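Accompanying notes for the structure given below.
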2 protein chains.
Amino acid sequence: MTRKKVKLAFITNESARKGTFKKRKKGLMKKVSELSTLCGIDACAIIYSPYEPHPEVWPNTLGVQRILAKFKRMPEMEQSKKMVNQETFIRQRIVKANEHLKKQHKDNREKEMTSHVPMFDWERA
Amino acid sequence: MTRKKVKLAFITNESARKGTFKKRKKGLMKKVSELSTLCGIDACAIIYSPYEPHPEVWPNTLGVQRILAKFKRMPEMEQSKKMVNQETFIRQRIVKANEHLKKQHKDNREKEMTSHVPMFDWERA
DNA sequence: GCGTCTATCTATAAAAC
DNA sequence: TGTTTTATAGATAGACG
């Protein structure tokens, strides 16, 4: 039951960070490729890193330039809508985590009537 | 007990394709987010789809615009290098092989005045 | 069709080379 | 330092409501 938990934070160990970067970049490129193929959609990814002098991209330079041009054509106002931005993403994860915790609390209470010790600030109040 | 075995090809069933798109887009955005956080690197992703009027991006519009500007600044010649793209990769290998062949031909001519028999179409012309 | 669940597959952290 | 291996966390296809 004890699970290995990868802390979602900057990896301070240099070699570990480089190793993780290499592996995850590969996995990410694969994911973009698969999404594009499976769903027939237009997508691109650009990754800058200290390990390469140039950004690594998917699918290729022309593909990125085409999307870049398309993106620039979109009016500024429109660009602000429907974005999957970091803040929204984090909020969603917090909401889900919270819901999951609540469910567990409920299950626990039902099973053993134990009280819950809050693990996060947002659980208080 | 059913075998999943996802065929890596366009999903023709519309609803299945939409469902897969939604799930995988979410997963992809998470991956970009994690890579950026864990390795402290600059990255972005842009996804166009028929399900949304606007592209969905990571991390946000400004982040994408910053990276695109950075990308545009890179000289055309440089952009052709170091791309993560199988086709490009193969092309680069072919180019390299070709250059190598030319060099050898030159060396050979200089040494023994032998003629070259083209192995590829592009060598003719 | 859309959100949730879960069995199963995939990605990857850590270990070992 | 990179590559391969392996055990586990994480992603997701199909099922269900």
Side-chain angles (χ1 to χ4, degrees), chain A residues 1-41 43 45 47 49-53 56 58-59 82 84 86 88-108 110-111 119-120, chain B residues 1-41 43 45 47 49-54 56-59 82 84-86 89 93:
Chain A
M1 289 299 274
T2 316
R3 291 187 177 183
K4 167 174 69 175
K5 185 78 174 184
V6 178
K7 194 182 161 195
L8 217 65
F10 182 71
I11 301 167
T12 51
N13 181 291
E14 249 183 77
S15 56
R17 189 169 69 250
K18 184 173 183 178
T20 286
F21 175 77
K22 191 180 174 185
K23 280 186 272 184
R24 280 178 175 257
K25 174 171 62 61
K26 184 181 169 186
L28 180 60
M29 293 304 192
K30 186 177 177 186
K31 290 291 185 190
V32 183
S33 167
E34 288 178 349
L35 179 63
S36 182
T37 299
L38 291 168
C39 304
I41 53 88
I47 301 175
S49 83
Y51 313 113
E52 294 289 348
E56 293 163 275
W58 193 95
K82 282 295 178 187
V84 176
Q86 202 160 27
T88 301
F89 181 72
I90 291 169
R91 282 184 193 284
Q92 289 173 343
R93 292 199 61 185
I94 290 173
V95 168
K96 276 230 169 172
N98 204 19
E99 284 171 352
H100 186 63
L101 279 171
K102 283 182 180 170
K103 186 178 184 302
Q104 288 190 319
H105 302 162
K106 189 187 170 199
D107 292 347
N108 288 338
E110 287 171 351
K111 286 178 186 164
M119 295 180 69
F120 306 102
Chain B
M1 34 188 67
T2 30
R3 218 45 72 163
K4 256 212 291 195
K5 190 114 168 205
V6 178
K7 193 179 156 196
L8 216 65
F10 182 71
I11 300 168
T12 52
N13 181 291
E14 255 184 71
S15 57
R17 187 168 71 251
K18 184 173 183 179
T20 286
F21 174 76
K22 192 179 177 187
K23 284 184 216 173
R24 280 179 175 257
K25 174 171 61 63
K26 184 181 168 187
L28 180 61
M29 293 304 193
K30 185 178 177 186
K31 288 292 187 189
V32 184
S33 165
E34 289 179 348
L35 179 64
S36 181
T37 299
L38 291 168
C39 304
I41 54 88
I47 301 175
S49 82
Y51 313 113
E52 293 289 349
H54 305 297
E56 293 162 273
V57 305
W58 194 94
K82 286 294 178 188
V84 176
N85 172 279
Q86 201 162 26
F89 180 69
R93 290 197 60 183

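A, B, ... follow the sequence lines: proteins, then strands. Residue 1 opens every chain. Please read these numbers as outputs of a predicted model, since none were measured by experiment.
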Taking [atom1] from [X] and [atom2] from [N], how many angstroms apart are they, rounded to a whole number?
{"X": "B:Lys18", "N": "D:dG14", "atom1": "NZ", "atom2": "P", "value": "18 Å"}
{"X": "B:Arg24", "N": "D:dG10", "atom1": "CZ", "atom2": "C1'", "value": "13 Å"}
{"X": "B:Lys7", "N": "C:dC9", "atom1": "NZ", "atom2": "C1'", "value": "19 Å"}
{"X": "B:Lys25", "N": "C:dC2", "atom1": "NZ", "atom2": "C1'", "value": "14 Å"}
{"X": "B:Leu35", "N": "C:dA13", "atom1": "CG", "atom2": "P", "value": "10 Å"}
{"X": "B:Asn13", "N": "D:dA13", "atom1": "CG", "atom2": "C1'", "value": "12 Å"}
{"X": "B:Leu28", "N": "D:dG10", "atom1": "CG", "atom2": "P", "value": "17 Å"}
{"X": "B:Leu38", "N": "D:dG10", "atom1": "CG", "atom2": "P", "value": "11 Å"}

Closest nucleotide of DNA chain D for B:Glu34 versus for B:Ala16: which of these residues is on the 5' side?
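In this pair, the answer is B:Glu34.
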Polar atoms only, N or O, under 3.5 Å: list the protein pairs with nucleotides 3-5 of chain D and their distances.
{"unit_1": "D:dT3", "atom_1": "OP2", "unit_2": "A:Lys22", "atom_2": "NZ", "d": "2.4"}

Whether the side chain of A:Thr20 engages the backbone of A:Ala16 through a donor-acceptor N/O pair (distance < 3.5 Å, no angle test) should be reported.
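It does hold such a pair.
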When you measure from the side chain of B:Thr37 to the backbone N and O of A:Ala9, does any donor-acceptor pair fall under 3.5 Å?
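Side chain of B:Thr37 to backbone of A:Ala9: no pair is present.
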Which nucleotide in the list C:dA11, D:dA11, C:dG1 gets nearest to the side chain of A:Lys30?
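Per side-chain heavy atoms of A:Lys30, the pick is C:dA11.
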If you only use heavy atoms from C-beta on, which nucleotide in C:dT10, C:dG1, D:dA13 is closest to the side chain of B:Ser15?
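Ranking C:dT10, C:dG1, D:dA13 by closest atom to the B:Ser15 side chain puts C:dG1 first.
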Any idea which heavy atoms bring A:Pro59 and A:Ala43 closest together, and the distance?
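Taking every non-hydrogen atom into account, CD-O, 3.8 Å.
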For A:Thr20 and C:dA13, is the shortest distance between a side-chain N/O and OP1 or OP2 below 4.0 Å?
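A:Thr20 to C:dA13 OP1/OP2: side-chain N or O found under 4.0 Å.
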Can you find a heavy atom in the side chain of B:Ile41 that is under 4.5 Å from one in the side chain of A:Pro50?
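With C-beta onward as the side chain, the pair touches.
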Nearest-0.5 Å distance, CG of residue B:Leu35 to NZ of residue A:Lys25:
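One gets 9.0 Å once the value is rounded to the nearest 0.5 Å.
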Suppose we screen for ring pair (Phe, Tyr, Trp, His ring centres under 6.0 Å). Which residues come up paired with B:Phe10, at least two apart in sequence or across chains?
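Partners of B:Phe10 under the ring pair (Phe, Tyr, Trp, His ring centres under 6.0 Å) test: none.
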Please, which pairs that meet salt bridge (charged side-chain N to carboxylate O under 4.0 Å, His left out) have at least one residue in residues 13-22 of chain A, sequence neighbours excluded?
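Output for this query is empty, none listed.
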